[in-house]
Protein chains: 2
Amino acid sequence: MRLPRELVARSGFLLVRLGLRFKAQALAELAQADFSQYHYSVLALLDEQPQETQAQIADTLCLDRSQLVRILDSLEDRGLIARHRDRTDRRRHTVSVTAAGRRQLHQLRRMIDELEDDLLAPLTGADRRRLHALLLQLAEAHDPSCGASD
Amino acid sequence: MRLPRELVARSGFLLVRLGLRFKAQALAELAQADFSQYHYSVLALLDEQPQETQAQIADTLCLDRSQLVRILDSLEDRGLIARHRDRTDRRRHTVSVTAAGRRQLHQLRRMIDELEDDLLAPLTGADRRRLHALLLQLAEAHDPSCGASD
DNA sequence: TATTGTTATACTCTATAACTATA
DNA sequence: TATAGTTATAGAGTATAACAATA
């Protein structure tokens with residue numbers, strides 16, 4: 001029943017395994033509230049960068065544009081976001097969060113906070129900060145959209 | 001084009017993102033050599049714990065038994081593993097790596113080693129060790145099969 | 001009847017390709 | 001002609017269910 005040492009000795013393997021585990025937990029938790037991972041990240045994005053166009057949102061979150069359509073549909077149906085046709089280019093839709101959407105975001109945020117607390121529970125506060133710093137260093141190096149600069 | 005700070009500030013999010021990225025790279029690299037992630041982990045497992053039954057292998061690697069059948073079929077077709085019917089219980093098949101399988105494992109190992117070097121390149125040697133220790137601490141706490149003990 | 005390995009089927013997620021309306 | 005958003009379709013990957021051999 002024990003995993004090969006060869007795998008456990010790899011940071012890459014542990015990263016994948018812990019990441020998949022956390023993702024699965026988050027998915028399950030969000031699904032109970034009838035949301036997906038994307039609902040959360042779209043709301044979080046629009047909360048910080050309002051009035052993005054659909055193409056911008058999709059590119060930022062590495063989503064397919066056709067995938068985003070369905071996500072936005074379901075958020076719009078619940079009154080959490082609103083689409084606005086751009087007056088300067090009528091092909092474009094800009095998207096914004098509604099007040100209800102912001103309230104929902106707070107709830108989802110709390111759900112994920114709890115999950116993350118569970119995940120990091122084995123570490124001391126100092127170790128949590130060290131881990132985040134190391135992960136951020138890797139993410140910024142490999143993935144510019146995680147970076148502090150634009 | 002920048003990801004929400006709310007997400008980047010989360011170790012859980014970074015873990016998922018880095019994990020998915022590394023997994024995708026490993027999949028692409030292995031696919032070029034006509035292997036999958038599972039081929040590698042099955043070979044690695046059998047190299048350390050030979051003569052496991054199919055059920056044991058599937059449970060250890062969290063694979064569906066029916067999924068494992070196809071993986072073993074393709075490894076057997078290439079002469080990298082061999083199935084043996086268990087004499088004490090003729091329902092069971094034990095599985096072992098062949099010499100060719102061991103040679104192939106070395107090659108796959110080198111491929112993943114390189115990928116991992118790329119992943120961890122931004123960190124110093126000391127930071128790499130710190131990161132692995134932190135990840136291992138989390139993995140062992142949440143996932144006994146990663147642990148040192150059985 | 002229960003279990004091992006196997007085969008066949010269904011489902012979910014994502015990726016690709018067409019379609020419309022605007023530019 | 002090219003682009004933004006939308007719709008429809010196809011594919012990979014996985015999960016579920018049924019099946020044959022053996023216990």
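Chain A is the first sequence line, chain B the second, and so forth, proteins listed ahead of strands; every chain is numbered from 1. Since we're looking at a predicted model, the values are computed, not measured.
- With a 4.5 Å cut-off on side-chain heavy atoms, A/F35 and A/M111 do not count as touching.
- Side-chain contact check for B/L138 versus A/L131: some heavy-atom pair is nearer than 4.5 Å.
- Scanning all heavy atoms of the two residues, the minimum distance from A/L136 to A/C146 falls at CD1-O, 4.4 Å.
- Under the salt bridge (Lys or Arg N to Asp or Glu O under 4.0 Å) criterion, B/D118 pairs with no residue at all, not counting sequence neighbours.
- Remark: C1' of D/dA15 and OH of B/Y38 are 12 Å apart, rounded to the nearest angstrom.
- Listed by residue number, there are no residues of residues 14-36 of chain A with a heavy-atom contact under 4.0 Å to DNA chain C.
- To the nearest 0.5 Å, the span separating CG on B/D117 from CD1 on B/I112 amounts to 11.5 Å.
- In this entry the distance linking CZ of B/R65 with C1' of D/dT14 reads 17 Å, nearest Å.
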Check your understanding: Once each nucleotide of nucleotides 16-23 of chain D is scored for protein heavy atoms under 4.0 Å, what B/S/- sequence comes out, 5' to 3'?
Key -> B----BBS

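- A side-chain hydrogen bond (donor to acceptor under 3.5 Å, both in side chains) check over residues 39-49 of chain A, counting only residues at least two apart or in different chains, returns the pairs A/S36-A/H39, A/H39-A/S74, A/Y40-B/E6, A/Y40-B/R10, A/D47-A/R102, A/Q49-A/E52.
- Put simply, CZ on A/R92 is 17 Å from P on D/dA2, counting in whole angstrom units.
- Near DNA chain D, meaning a heavy atom under 4.0 Å from it, residues 67-81 of chain B has B/Q67, B/R70 in order of number.
- A/R17 places a side-chain heavy atom less than 4.5 Å from the side chain of A/L3.
- Not a single salt bridge (Lys or Arg N to Asp or Glu O under 4.0 Å) links A/E29 to another residue, sequence neighbours left out.
- In terms of the side chain to side chain contact (heavy atoms under 4.5 Å, CB included) criterion, A/Q32 has no residue partners (sequence neighbours excluded).
- Each end of the helix from C/dT1-D/dA23 to C/dA23-D/dT1 yields a helix axis from five base pairs, and these two axes differ in direction by 20° (to the nearest 10 degrees).
- With sequence neighbours left out, the side chain to side chain contact (heavy atoms under 4.5 Å, CB included) criterion links A/T124 to A/A126, A/D127.
- Ion pair A/R83/A/D73 flagged as a salt bridge, since at least one NZ, NE, NH1 or NH2 atom sits closer than 4.0 Å to an Asp/Glu carboxylate oxygen.
- In 5' to 3' order, the nucleotides of DNA chain C bounding all contacts with chain A (an atom under 4.0 Å from a heavy atom) are C/dT14 to C/dA23.
- Under the side chain to side chain contact (heavy atoms under 4.5 Å, CB included) test applied with A/L134, the options B/L14, B/L134, B/L120, B/L135 reduce to a single match, B/L134.
- A search for salt bridge (Lys or Arg N to Asp or Glu O under 4.0 Å) contacts involving B/R78 returns nothing, not counting sequence neighbours.
- The side chain to side chain contact (heavy atoms under 4.5 Å, CB included) test applied to B/R85 returns B/R90, B/H93, not counting sequence neighbours.
- If you take NE2 of A/H84 and C1' of D/dG5, they are 16 Å apart, rounded to a whole angstrom.
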Review point. Step by step, would you call A/H106 with A/R103 a side chain to side chain donor-acceptor pair (under 3.5 Å)?
Key: CA-CA 5 Å; A/H106 295 326; A/R103 281 194 298 275; over 6 Å; no

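- The phosphate of D/dA4 (OP1 or OP2) has no side-chain N or O of A/R83 nearer than 4.0 angstrom.
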